[in-house]
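Note that these values count all heavy atoms, side chains included, but never hydrogens, waters or copies made by symmetry. Just so we're on the same page: letters track the sequence lines, and every chain starts at 1. All values reported here derive from a predicted model rather than from experimental measurement.
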Number of protein chains: 2
Amino acid sequence: MVTLKQLAKELNVSISTVSKALNNSEEIGKDTAKRVKELAHLYNYKPNKVALSLKQNKTKTIGVIIPNILNYFLAKVLFGIEREATLQGYNIITCVSNESLEKEKESLQLLANGSVDGFILSVAKETQMKRETEHFNKTIRNGLPIVMFDRVAHDVMCDKVIVDDFESTYNATKRLLAEKRKHIVFITTVDNVSVGKLRERGYNKAISETTTHTPLVLKINTRNNTSKKVKSFLMKHKTIDGVVAADSASGIISINTAVNIGLKVPEDISVIGFGSKSVSYHSIPQLTTIRQHAKKIGSAAAQQLIKRLELKKGASLETSTKIIKTSLIKSKSTL
Amino acid sequence: MVTLKQLAKELNVSISTVSKALNNSEEIGKDTAKRVKELAHLYNYKPNKVALSLKQNKTKTIGVIIPNILNYFLAKVLFGIEREATLQGYNIITCVSNESLEKEKESLQLLANGSVDGFILSVAKETQMKRETEHFNKTIRNGLPIVMFDRVAHDVMCDKVIVDDFESTYNATKRLLAEKRKHIVFITTVDNVSVGKLRERGYNKAISETTTHTPLVLKINTRNNTSKKVKSFLMKHKTIDGVVAADSASGIISINTAVNIGLKVPEDISVIGFGSKSVSYHSIPQLTTIRQHAKKIGSAAAQQLIKRLELKKGASLETSTKIIKTSLIKSKSTL
DNA sequence: GTGAAAGCGCTAACAA
DNA sequence: TTGTTAGCGCTTTCAC
């Protein structure tokens, strides 16, 4: 890598002259500026990012801590963050917490040594269960702002970008009720996590405010037996005519299972699940989905963080909570 | 963030004393060392990463350029890279090329200014089609090593980690032939990309060396009509009794489509597709899959890069190409 | 219009 | 055993 020093030497001028010339300073004579720029271009000079960071005490880098990168929703959010960050001249350093509090703490620690200017993160399950927040607060006190998305720690004072989880399942359930569905089950992969609870509550509210039944919830805790569980559940409760699934896999599996045991979808049973367009193709008929607009969540989080990072010195900005509304996209698995 | 300077001031010693004490230098007196360490611990001192990078001229950061983070396989490789890197004390900066040559170049440029010590990447489709390699070579000439995985540019001299694509489909096809399948179709989402071609050739070879038919290939170019295409194809070619799919979505969709038009899987038709365990649950019966061991690919790539980065000055290391073998995991969609 | 010098936080050769 | 100094690459103030 070429440095200012080398350019200066070759041009027989001082380092500061070169620096100023390249930064279009008014102070520098036209032809000097030209000579400098030409040589810089010839050598493909790029200012050293590390030196710049040290000097300006900011790295133009965002730390992203994600619980699980194999989750399509989270990957999509990451995609949105990356795009927005790149657009605004920021890089992202990605860490995966694997839902572990310990790894979350470590990542925060590790990057809080000047590697990044701030964080975007979704809270690990373990962290939510243990209700730990001190590591977040400490980071913020150290001057590194945090933006949380989706799974947030409500009692940490920071910017947040969330989904209308409660409303989304409330509306989905209402939708099935409007189809005259009588026995609607809520299928969830057990996570004692804010988001999951809210979704269940949305379903509960819709059911209890419209019908006289008790809500019916099927909790599934390991990934691998969803199919079996759903099958035996449907066999046992023959009256089920509607499914609201709290994640995309359950929705897909519900449709395929129902078809497999001879039910007609959506005539006999309607299914709505969370998920994206691409996953909806994994079932026949295609799944009617609740879309979370993951990319939008990512870009909103990045925008908010960068806005805060680029605040003039001394200026302040109230923490905000942005809600990205879900959309219910009708496909073939509902009437 | 606390700095050495502040610690030094508070302790009434020089900066270098503090530095040495914290680095366990032999030169420093025991009790001084102790005092220093205690205060450092109290203030939770962490050496500034940026300053260290500048001083030592290395960042302990790897640039990862991935064509598409929403691709489960690529996300999984990224996961493997992240884990291995973290283990070895490296961070990763992630860029998404979105299959675009231009973005790939930009990312390479952008990070080659001292932000990273080297790169791990999978080549964008556009780059492969245009056969551009100059940006890779330039990066390498500039002293930044590259490790390519999966989609590699064969004529660039660098480390590579690849999959036995040819063999994988060859074996899968052989497997179906051993089941006495007579009419096996190869379904591929069109990409004029090394990997796709190799997989097709593996299928071709197995077919032509075992049967007298011409190979039968169904190419699908847009994501959204796979289901329709497969359906009309199966309706038209009633004799089809085997499917080898070059990606996971096509495998899943083939099974669901076949079932949907009244075929029995695997009795009437056998299906094998690329994919991971979790995606195999998206069909009933479960998809028999070719597993690529994505995490292993990621960790192998990271290991290789770090090995090269930590080479003693002056030492050299021949470029290597590592092949990670796929496994055929039998499930319910084959006999 | 140009250059010298200081300083961002750190390490390490050298001096005391 | 401890401190002084130089330097990594850059920007910026101040002097000429």
Side-chain angles (χ1 to χ4, degrees), chain A residues 1-37 39-40 43-61 89 111-117 142-144 313, chain B residues 1-37 39-40 43-61 89 111-117 142-144 313:
Chain A
M1 289 210 23
V2 206
T3 65
L4 287 185
K5 205 178 180 179
Q6 293 165 37
L7 293 179
K9 194 172 168 194
E10 191 143 340
L11 290 162
N12 268 318
V13 294
S14 77
I15 294 177
S16 52
T17 303
V18 180
S19 171
K20 284 171 188 165
L22 292 176
N23 289 307
N24 299 313
S25 161
E26 298 290 317
E27 297 179 11
I28 302 298
K30 270 203 169 158
D31 46 335
T32 320
K34 201 175 159 212
R35 280 176 60 223
V36 171
K37 283 183 180 173
L39 195 70
Y43 283 160
N44 192 26
Y45 168 80
K46 293 274 180 302
N48 182 305
K49 182 85 186 304
V50 176
L52 236 69
S53 298
L54 183 61
K55 180 77 188 164
Q56 308 185 330
N57 198 28
K58 53 184 180 180
T59 59
K60 286 268 200 173
T61 302
L111 298 183
N113 60 0
S115 296
V116 303
D117 297 339
N142 273 325
L144 291 170
K313 220 183 147 147
Chain B
M1 290 210 22
V2 206
T3 65
L4 287 185
K5 204 178 182 179
Q6 292 164 39
L7 293 179
K9 194 173 169 193
E10 192 142 338
L11 290 162
N12 269 317
V13 295
S14 77
I15 294 177
S16 56
T17 304
V18 180
S19 171
K20 285 172 189 165
L22 292 176
N23 290 307
N24 297 314
S25 162
E26 298 289 317
E27 299 179 8
I28 302 298
K30 271 204 168 158
D31 46 335
T32 320
K34 201 176 160 212
R35 281 176 59 222
V36 170
K37 283 182 180 173
L39 196 70
Y43 284 161
N44 191 26
Y45 168 80
K46 294 275 177 302
N48 182 304
K49 183 86 185 305
V50 175
L52 236 71
S53 297
L54 182 60
K55 180 77 189 167
Q56 309 186 329
N57 198 28
K58 53 184 178 183
T59 59
K60 286 269 202 172
T61 303
L111 297 183
N113 60 0
S115 296
V116 303
D117 296 340
N142 273 326
L144 291 170
K313 222 184 145 148

Check your understanding: If you count the non-hydrogen atoms of other residues, nucleotides and ligands that lie under 6.0 Å from NZ in B:Lys60, is the total more than 12?
Key ->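 Yes - once you tally the heavy atoms of other residues, nucleotides and ligands closer than 6.0 Å, there are more than 12.
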
Revision key, fill the gap. Reading nucleotides 11-16 of chain C from 5' to 3' and marking B where a protein heavy atom lies under 4.0 Å of the base, S where only the sugar-phosphate is that close, and - otherwise, the string is BBBB--

Report yes if a side-chain nitrogen or oxygen of [X] is closer than 4.0 Å to either non-bridging phosphate oxygen (OP1 or OP2) of [N]; otherwise report no.
X: A:Ser14; N: C:dG3; answer: yes
X: B:Ser53; N: D:dC8; answer: no
X: A:Thr3; N: D:dG9; answer: no

Just checking, is any N or O donor in the side chain of [X] or [Y] under 3.5 Å from an acceptor N or O on the other one?
X: A:Ser19; Y: A:Ser16; answer: no
X: B:Asn48; Y: B:Lys55; answer: no
X: A:Asn113; Y: A:Ser115; answer: yes
X: A:Gln6; Y: A:Tyr45; answer: no

Review point. Which angle, rounded to 10°, do you find between the first-five-pair axis and the last-five-pair axis of the helix from C:dG1-D:dC16 to C:dA16-D:dT1?
Key: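 The value is 60°.
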
Review point. Got a donor-acceptor contact below 3.5 angstrom from the B:Ser53 side chain to the B:Lys49 backbone?
Key: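 Yes, the answer is positive, given that a donor and an acceptor are paired below the 3.5 Å cut-off.
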
Check your understanding: Under 4.5 Å between any side-chain heavy atoms of B:Leu22 and B:Leu4, yes or no?
Key ->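 Counting from C-beta outward, B:Leu22 and B:Leu4 do come under 4.5 Å.
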
Exercise for review: Measure the shortest side-chain to side-chain distance between B:Thr59 and A:Val50 over non-hydrogen atoms and say whether it is less than 4.5 angstrom.
Suggested key: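 When only atoms from C-beta onward are counted, A:Val50 and B:Thr59 do touch, with a gap below 4.5 Å.
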
